[in-house]
Number of protein chains: 2
Amino acid sequence: MGLAKTEMFTGQQNEIALFAKVFGHPARVSILQHLFKINSCVCGDLVNEIGLAQPTISQHLKELKHLGLIKGSVEGTSVCYCINAENWTKMKETMLNFLNQDIPQTKDCC
Amino acid sequence: MGLAKTEMFTGQQNEIALFAKVFGHPARVSILQHLFKINSCVCGDLVNEIGLAQPTISQHLKELKHLGLIKGSVEGTSVCYCINAENWTKMKETMLNFLNQDIPQTKDCC
DNA sequence: TTTATATATTGCAATATTACGATTAATATT
DNA sequence: AATATTAATCGTAATATTGCAATATATAAA
């Protein structure tokens, strides 16, 4: 039904999935990489940088903001976005914990 | 249109998004965690472990297999799945590279 | 106050994802 | 061979995502 049954999973599993989902689109990956690259914050430059329409970029920014990974502040008519360092670090810990699971040593499993 | 315009992004960005996407559902997170926990491989136990129907689990396994993160081998009537250690490590490098980007030090960006 | 500029929101069409019942396929057991 | 067991596939319904044109909003400039 296109609907994840979140109630049958742990909070941690759902959290990992939520973070992963937001990275699951190249436009959002691109936006984040750009915000990391440009030390100072960017705004509608992203629309030019990435080749998508303004409403589309705005929507992707909204999702990133909603998860707390970026923050934006109004600067005149434009809005300045940047990485939310604190939340990024927290998210990173969660994801690293998942990615760094120990791989069983049994040469070949089955 | 519900269709990611992959051609406007770098191969690396698309790769990150593809990996992230597969982690973007708690059932697949759960499957992977279970495969990491149970040293020996599991098969239809996942159907019992996780509360989803057999075809649903089978579908999630297919996606994980398609990305190369797990491998399965037939054992009689059942199929034994396990982490593909080599590919997991490769994926991890790609994702770590993305997650570990240096956060600009400028106290507060905007 | 009018006009320009930048971003957000709305509405909608196209496509993707999730879930599962029904069925199929493949091997084991009797 | 007939039956049981296990997993994959098919078909389909419900929902989510993506992208953009049109529009709204908010501030700046004239």
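Everything quoted here is computed from the prediction, not taken from an experiment. Here is how names work: the chains are called A, B, and so on, in the same order as the sequence lines, proteins then strands, and each is numbered from 1. Just the heavy atoms: all of them, side chains too, but no hydrogens, waters or symmetry mates, feed the values below.
Applying the salt bridge (charged side-chain N to carboxylate O under 4.0 Å, His left out) definition to pairs two or more places apart or across chains, none involves residues 15-24 of chain B. Within the structure, every pair that satisfies the salt bridge (charged side-chain N to carboxylate O under 4.0 Å, His left out) test and touches residues 57-70 of chain B, not counting sequence neighbours, is listed here: B:Arg28-B:Glu63.
For A:Tyr81, no side-chain nitrogen or oxygen approaches OP1 or OP2 of C:dA6 to under 4.0 Å.
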Which atom pairs link the protein and nucleotides 25-30 of chain C when you take only N or O atoms and keep those under 3.5 Å?
none

Within the sub-3.5 Å range, which N or O atoms of nucleotides 16-23 of chain C have a protein N or O partner, and how far apart are they?
from, atom 1, to, atom 2, distance (Å)
C:dT17, OP1, B:Lys21, NZ, 3.4
C:dT18, OP1, B:Arg28, NH2, 3.2
C:dT18, OP2, B:Arg28, NH1, 3.1
C:dT18, O4', A:Gly2, N, 3.4
C:dT18, O3', A:Leu3, O, 3.4
C:dT18, O3', B:His25, NE2, 3.4
C:dT18, O2, A:Met1, N, 2.0
C:dT18, O2, A:Gly2, N, 2.3
C:dA19, OP1, A:Leu3, O, 3.4
C:dA19, OP1, A:Lys5, N, 3.2
C:dA19, OP1, B:His25, NE2, 3.4
C:dA19, OP2, B:His25, NE2, 3.1
C:dA19, OP2, B:His60, NE2, 2.9
C:dA19, O4', A:Met1, N, 3.1
C:dC20, OP1, A:Lys5, NZ, 2.6
C:dC20, OP2, B:Ala53, N, 3.1
C:dC20, OP2, B:Thr56, OG1, 3.1
C:dC20, N4, B:Gln59, OE1, 3.3

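Checking side-chain atoms of A:Trp88 against main-chain N and O of B:Leu99 turns up a donor-acceptor pair under 3.5 Å.
Across all strands, B:Ser78 comes closer than 4.0 Å only to sugar-phosphate atoms, never to a base (heavy-atom distances).
Classified by interplanar angle (parallel below 30°, tilted 30° to 60°, perpendicular above 60°), the ring pair A:His60/A:His25 is tilted.
Atom NE2 in A:His66 sits about 16 Å away from atom C1' in D:dT17, given to the nearest Å. The distance between atom CD1 of B:Ile57 and atom C1' of D:dA8, rounded to the nearest whole Å, is 14 Å. At whole-Å resolution of the value, CG in B:Leu64 and C1' in D:dA7 are 16 Å apart. In this structure, B:Leu61 atom CG and D:dA8 atom C1' are separated by 11 Å, rounded to whole Å.
For A:Asn100, the side-chain hydrogen bond (donor to acceptor under 3.5 Å, both in side chains) partners are B:Lys92, not counting sequence neighbours. Among residues two or more places apart in sequence or in another chain, the side-chain hydrogen bond (donor to acceptor under 3.5 Å, both in side chains) test is passed with B:Gln101 by none.
For the pair A:Ile70/A:Leu32, a side-chain contact is recorded, criterion being any heavy-atom separation below 4.5 Å from C-beta on.
As the counterpart of C:dA13, D:dT18 is assigned, both hydrogen-bonding distances of the Watson-Crick or G-U wobble pattern falling under 3.5 Å.
Within a 6.0 Å sphere centred on CG of A:Asp102, other residues, nucleotides and ligands contribute 12 heavy atoms or fewer.
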